[in-house]
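This report concerns only the one structure given below.
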Protein chains: 2
Amino acid sequence: MTLSILLAPDSLKGALSATAACAAMERGARRALGATPCRFTPVPLADGGEGTIEAFLQGAGGTARTATVRGPLGEETKAQWAILPDGRALIEMAQASGLTLVSPEHRHAARASSYGTGQLVHAALDAGCSALLAGIGGSATTDGGAGALQALGLRLLDEHGAELPSGGAALQHLADIDTSTLDARLAQTDIRVLCDVTNPLCGARGAARIYGPQKGASPADIETLDAALNHFADVASRATGRDLRDEPGAGAAGGIGWGLMSFCGAQLTPGIEAVLEATNFQDKLESADLVLTAEGSIDEQTPQGKALAGVARAARSAKKGRGVPVIAFGGAVRLSGEALQEMGITAALPLPDAPLSLQESIARSDELLADAAERALRLWLCGSQNAMT
Amino acid sequence: MTLSILLAPDSLKGALSATAACAAMERGARRALGATPCRFTPVPLADGGEGTIEAFLQGAGGTARTATVRGPLGEETKAQWAILPDGRALIEMAQASGLTLVSPEHRHAARASSYGTGQLVHAALDAGCSALLAGIGGSATTDGGAGALQALGLRLLDEHGAELPSGGAALQHLADIDTSTLDARLAQTDIRVLCDVTNPLCGARGAARIYGPQKGASPADIETLDAALNHFADVASRATGRDLRDEPGAGAAGGIGWGLMSFCGAQLTPGIEAVLEATNFQDKLESADLVLTAEGSIDEQTPQGKALAGVARAARSAKKGRGVPVIAFGGAVRLSGEALQEMGITAALPLPDAPLSLQESIARSDELLADAAERALRLWLCGSQNAMT
């Protein structure tokens, strides 16, 4: 019998891409398996942040496209997007409006704009796509999606009827919104935003307060941006007749979740679920004996919508509920064996092989992940050869 | 069927005793096993250093005794020894002449004496024991066993015919050895020294150069001690008619291995083998399904006579060569999966569950070992329940 192993890791942020994690796990597992006949199916995962397009293209196939767009601070940048085999467009906000596009010393949370993300949506519409998936993790912006909406034709006007400049802070001067100029094709377009957070647009758990600091916002910037987003929501609700600022996920990616919901009829959907669906993960599970997955940190946040939780949920329901065992690997493992079992994970192995620093752990992550996969497979195989009968 | 698990860890030096390691592994394994019927047999191991008596008493039974002896620097100290069920005495050099008996600021390698260890041998002879096992790890001394031999009646004389004072450095003044006063019972006593090193008495790999620094010897002390041991060996070979200074293990424990071989007919024997024999380890393996073992560090030294290697060797030859699988745990794991397999170890799991310091790893060793045992058992059980048929 051939042992069929599904490799379904998230990226290990700052250390390994999901694709590299697949390769490391396969290498380690092969060392343990020796001459055992085996087949590996790599399904690199993503949650909507950086690497989402790569994961989709690897797991589901599709065609990569490139567009030239405005980066977070207005500079020209090349952004990849994709057309999936089912005809849907896939865009990744990090490609156009990502935090990593701006060097740390130039970060400017109050001024960063999501304009380039809107240009990607525009490119997808131009290509004839009538359905679109948008990964929005890793953004540099806190503009409620204002820039993206402007790129799609929405007019945001000050009290003199002039178009607002870029960035979230400018929204405090918003007096009126003209929706009549919005790209008409959006009304016929199904937009799904991949979103794993439940933050509202404003307030203590809002976009500015929770995600502002990592985007370089000062305490004063945060106050300004939170008030500006709140004001944007006031004006928008008058323009659209509905107020979505407290919807779960409204505050994702600097509020673009809210902006696309409010003006483009977008829906928010868990990132990992969309990836699993696009990669036919459930079908692949039916012929798998074992799933290997990985995540940078396996901790109390893991059960709440991280990739690992989605993989475990899918694996548990596979094979008419008999399930497929899942072994997980993490740079850190802070969940108890019992908590992991409840998620449907057989065991989670931490990567460090000795006392070491985070820096060393990241530098050696490829080797450490392969070693951990080897250990896990050796134990699993040994158990299977010593089955209690 | 009841799953029978043998718990056979060494101590994790500075972190957990072998007995505590047994308890932690059992606790973790039970969390994985849940309602699976299982039986645990703890066999705490030792290699002749601190914890050897505890391990023997737990694994083989026997009676603990206490003697009041001279510590390394002459101060009075209580030392435990034991009479094993087969009538042999077991003494532990660390109890009488151990490095941990002297606070770091008072360490004095040149003056430290093994006298108390000789007093323990004396106590065993007084109790009627005609066979004796001596664990010699963890000593503070570099006196070639001079002190121990003096405690047993040997006279070490300077050029004026006066008895030498305590410590290795004094041996440079040795002019003559009087063996006629040595305790006559030693000739009828079978002494086995538990020894895991192969160092000669003197020279580049000798007792002073290799082990002197950790006993507080300065570079000058090391030169003095190495020359003094060499001189001791010169005079001794004239007195006994044989020269054992280059025998493997002559340099163990500050040279007491050599001293006991030269004057008491002692034999050196691997510590782990003696422990495994005394605990009937081979018999216990015949009814075991799985062995869990542990060591502070699993590294390139492990295959050379450490406890883990002995356990693996015994497990591999059990059940008429079919073997019993061994899972190992270590504070650090620096051997490849292939090297472990060659030793007969299925897999070795490192204890750290995240990037952490050595200090933190030691402080959390009990919890980390239990968690690692739980992981290993969950993987093993999962494999056994998904046996490839």
Side-chain angles (χ1 to χ4, degrees), chain A residues 1-3 28 31-32 34 36-38 289-290 297-299 323-327 330-338 340-341 345-362 368 370-389, chain B residues 1-3 28 31-32 34 36-38 289-290 297-299 323-327 330-338 340-341 345-362 368 370-389:
Chain A
M1 193 189 115
T2 298
L3 185 65
R31 290 202 300 254
T36 308
C38 54
D289 299 302
L290 189 60
S297 176
I298 299 175
D299 53 34
V324 179
V326 177
I327 303 174
V333 174
R334 304 193 199 280
L335 288 181
S336 71
E338 196 183 349
L340 291 162
Q341 286 279 309
I345 294 172
T346 296
L349 272 66
L351 298 192
D353 61 357
L356 44 67
S357 65
L358 175 61
Q359 205 174 12
E360 191 186 347
S361 179
I362 287 174
L368 292 175
D371 288 350
E374 179 179 359
R375 272 180 211 118
L377 263 290
R378 286 197 192 272
L379 287 170
W380 196 81
L381 278 178
C382 177
S384 78
Q385 285 153 7
N386 289 269
M388 292 178 295
T389 45
Chain B
M1 194 187 115
T2 298
L3 185 64
R31 289 202 300 253
T36 309
C38 54
D289 298 302
L290 188 59
S297 176
I298 299 176
D299 53 34
V324 179
V326 177
I327 303 174
V333 174
R334 303 193 198 278
L335 288 182
S336 71
E338 196 184 349
L340 291 162
Q341 286 277 310
I345 294 172
T346 297
L349 271 67
L351 299 191
D353 61 357
L356 44 68
S357 65
L358 176 61
Q359 205 174 11
E360 192 187 346
S361 177
I362 287 175
L368 292 175
D371 287 350
E374 178 178 359
R375 272 179 210 119
L377 263 289
R378 286 197 192 272
L379 287 170
W380 196 82
L381 278 178
C382 177
S384 78
Q385 286 153 8
N386 288 271
M388 291 179 294
T389 45

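Each chain gets a letter, A, B and so on, in the order its sequence line appears, and its residues count up from 1. Only a predicted model underlies this, so the values are computations on that prediction, with no experimental measurement involved.
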Quick one: which of A:Ser297, A:Ala354, A:Gly331 has the most heavy-atom pairs under 4.5 Å with chain B, could you say?
-> A:Ala354
B:Glu338 atom CD, neighbour heavy-atom count above 12 within 6.0 Å = no
For B:Ile327, is it the side chain, the backbone, both, or neither that has a heavy atom closer than 4.5 Å to a heavy atom of chain A?
-> side chain
Give the member of B:Ala32, B:Ala348, B:Ser361, B:Ser357 that has the highest number of heavy-atom pairs under 4.5 Å with chain A.
-> B:Ala348
Is the side chain of B:Arg31 donor-acceptor paired with the backbone N or O of A:Gly337 at a distance under 3.5 Å, no angle test?
-> no
Find the distance between OG (B:Ser384) and CG (A:Leu379) and round it off to the nearest 0.5 Å.
-> 12.0 Å
One option among A:Gly28, A:Pro352, A:Gly34, A:Ala372 has the most heavy-atom pairs under 4.5 Å with chain B, and it is A:Pro352
Count the heavy-atom pairs under 4.5 Å between each of B:Asp371, B:Leu351, B:Leu349, B:Leu377 and chain A, then report the option with the highest count.
-> B:Leu349
Identify which of B:Gln341, B:Glu374, B:Gln359 forms the greatest number of heavy-atom pairs closer than 4.5 Å to chain A.
-> B:Gln341
Taking the side chain as every heavy atom from C-beta outward, state whether B:Leu340 and A:Arg378 have any atom pair closer than 4.5 Å.
-> no
Got a second to check how far B:Gln385's CD is from A:Thr346's OG1, nearest 0.5 Å?
-> 9.0 Å
